[in-house]
J.: 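After the structure tokens below, expect a handful of questions from me.
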There are 2 protein chains.
Amino acid sequence: MLDGEERTLVDRVVREVFALLLSSEIPLGGQLNEAALAARFKVSRGPIREAIKQLQGRGLVIKEPYLKARVVSLSLPDMIEIFQLREAVEGMSVRLATRAMSDSELDEMLDAFSAAREAGRAVDLDLHVRIAEGCGNDRIRALLCDELYYLLRLYRARSADRPGRREDAFTEHWQILRAMRARDGELAESLMRAHIGRATRSLETLLAQQAATTDQG
Amino acid sequence: MLDGEERTLVDRVVREVFALLLSSEIPLGGQLNEAALAARFKVSRGPIREAIKQLQGRGLVIKEPYLKARVVSLSLPDMIEIFQLREAVEGMSVRLATRAMSDSELDEMLDAFSAAREAGRAVDLDLHVRIAEGCGNDRIRALLCDELYYLLRLYRARSADRPGRREDAFTEHWQILRAMRARDGELAESLMRAHIGRATRSLETLLAQQAATTDQG
DNA sequence: TTTCGAAAAAGTGTTGACACTTTGACGGCA
DNA sequence: TGCCGTCAAAGTGTCAACACTTTTTCGAAA
């Protein structure tokens, strides 16, 4: 959706506005002025309005009648909500993918994963996307790829990546892939839920620390 | 969202168009003509376009540039996808609600459930809505109440309800409520998943029968 | 000085007209 | 007869102007 060909102005505006969010030019929680965006992108307010509606549909923007649209705040509690949802949906996603993906598709994923590991590249989101695309349930794929992963990218673009989890994450991903290859959907599901659950608890810890700091100050 | 006050024309149009879908005036898979709807509701095409975008966001309408918007078909495979997603999300919903809801809220739900059972009223969707509202995760609540349950209502308005499952469903719901009251989130989650899983398999059986019939004819 | 209220400014909601794309029908050509 | 290109009709995409709501400003009264 993000990189598909653009047949209308609306599509282009959606992409450009999202880029604005990623680049921090518009801060989280900031406001979107229709007229200003229209002037910037050299289009009228119509396409801007539709683009905002679309971003609203993906949960990136919040809006009430007659009030300016606000970029979602993506506070820590927001992210915890998103991770709870991911834990449930991605568990199902990997279970379905374990049944639906062919041997060659899985092998290709394993190869790509090993290559990335050796190159030291992060593959986290890539892997989750591939699984969602392979699960065969288009509604689940759309929820993950067109909504939640957008929010995740936006969040990561803002919060400095905490290292340390990197090696653990590699191991966890590897186990998930092995379970898929062994066609053990149950195991793959619980590994995925544990994987995301760990990330959730890490966010909850962070939240508790923030609260403690705030109390002190 | 459906019954909130309406501050703009768009809100009214969304409600009216959804009523049109529920009443079968526009068939599943049918087309939405912007100009025709505008004439019918005595508004210009702008609000119609926004309403369609909003319905698209809820998965009720599918649209591509320059082509007429189509009402979602809600075929059996579509419903199976939706039920797979529900199984995952509602499992998490009831688990969170088990932790988040107060004793009095749970007791009230149990009372309402018993009353409905004696009166012979169906409470299926009601119960699921209450749980989603009580889970404390607004993103999950919105996904269930503002998207999936709309689709479910639409589907049920079209397909004659198969009886027989009614008594079983009562028992299953009762067990879920008991587990919540006992504050056993794990149990509540697996009961909910089993509950929805059974419905999913019933749909899959129906699909297999349809396929068989089609092959014969 | 502070508070309340009215008026102006800013911004979103709605509209009708025009531009572009798709679809289906018609006629020429093999 | 069947196929392909052209053209008209239907329908969606975009725009600029106007209507309504919200927010801010500013002045008068307590």
Side-chain angles (χ1 to χ4, degrees), chain A residues 1-21 25-73, chain B residues 1-21 25-73:
Chain A
M1 189 77 104
L2 183 68
D3 37 11
E5 79 260 51
E6 296 162 3
R7 309 193 47 199
T8 70
L9 285 181
V10 176
D11 297 336
R12 199 193 84 206
V13 172
V14 168
R15 185 173 52 75
E16 300 214 29
V17 171
F18 184 64
L20 244 52
L21 302 188
E25 187 156 345
I26 298 176
L28 292 184
Q31 297 186 332
L32 298 174
N33 183 321
E34 292 180 1
L37 290 172
R40 167 157 191 161
F41 297 137
K42 303 273 199 297
V43 298
S44 96
R45 277 177 48 219
I48 301 287
R49 289 176 62 81
E50 296 226 356
I52 288 179
K53 259 270 177 306
Q54 208 161 317
L55 292 168
Q56 190 182 354
R58 294 187 197 180
L60 288 163
V61 159
I62 298 171
K63 186 161 184 337
E64 283 188 76
Y66 295 108
L67 301 180
K68 285 190 216 178
R70 292 199 330 275
V71 182
V72 75
S73 63
Chain B
M1 189 76 106
L2 182 68
D3 37 10
E5 79 259 52
E6 294 162 2
R7 306 192 48 197
T8 70
L9 285 182
V10 177
D11 297 337
R12 200 194 84 204
V13 172
V14 168
R15 185 174 50 76
E16 301 215 29
V17 171
F18 184 64
L20 244 54
L21 302 189
E25 187 156 345
I26 298 176
L28 293 183
Q31 297 187 333
L32 298 175
N33 183 322
E34 292 181 2
L37 290 172
R40 166 158 192 160
F41 298 136
K42 302 273 199 296
V43 298
S44 94
R45 275 179 49 219
I48 302 286
R49 288 177 64 81
E50 296 225 358
I52 288 178
K53 258 268 177 307
Q54 209 161 318
L55 291 168
Q56 191 182 354
R58 294 187 196 179
L60 288 163
V61 158
I62 299 170
K63 187 165 184 337
E64 283 189 77
Y66 296 109
L67 300 181
K68 286 190 218 179
R70 290 199 331 274
V71 181
V72 74
S73 62

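Reminder, nothing fancy here: chain letters follow the sequence lines and each chain counts from 1.
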J.: Can you give one letter per nucleotide of nucleotides 10-22 of chain C, going 5' to 3': B for a protein heavy atom under 4.0 Å from the base, S for sugar-phosphate only, - for none?
T.: -SBBBBS----SS
J.: Does Leu20(B) have any side chain to side chain contact (heavy atoms under 4.5 Å, CB included) partners at least two apart in sequence or in another chain, and if so, which?
T.: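 Applying side chain to side chain contact (heavy atoms under 4.5 Å, CB included) to Leu20(B) gives Glu25(B), Ile26(B), Leu37(B), Arg40(B), Phe41(B).
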J.: Could you walk me through whether Thr8(B) and Glu50(B) pass the side chain to side chain contact (heavy atoms under 4.5 Å, CB included) check?
T.: CA-CA 11 Å; Thr8(B) 70; Glu50(B) 296 225 358; over 6 Å; no
J.: Do any side-chain atoms of residues 60-72 of chain B form donor-acceptor pairs under 3.5 angstrom with protein atoms, and if so which ones, sequence neighbours left out?
T.:
from: Lys63(B); atom 1: NZ; to: Leu67(B); atom 2: O; distance (Å): 3.4
from: Lys68(B); atom 1: NZ; to: Gln31(B); atom 2: OE1; distance (Å): 3.3

J.: Can you give me the closest heavy-atom contact between Ser73(A) and Leu28(A), atom names plus distance?
T.: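 What the structure gives for the nearest pair is O-CD1, 3.5 Å.
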J.: Are Lys53(B) and Arg49(B) packed together at the side-chain level, in the sense that at least one heavy-atom pair is separated by less than 4.5 angstrom?
T.: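 Lys53(B) vs Arg49(B): side chains apart.
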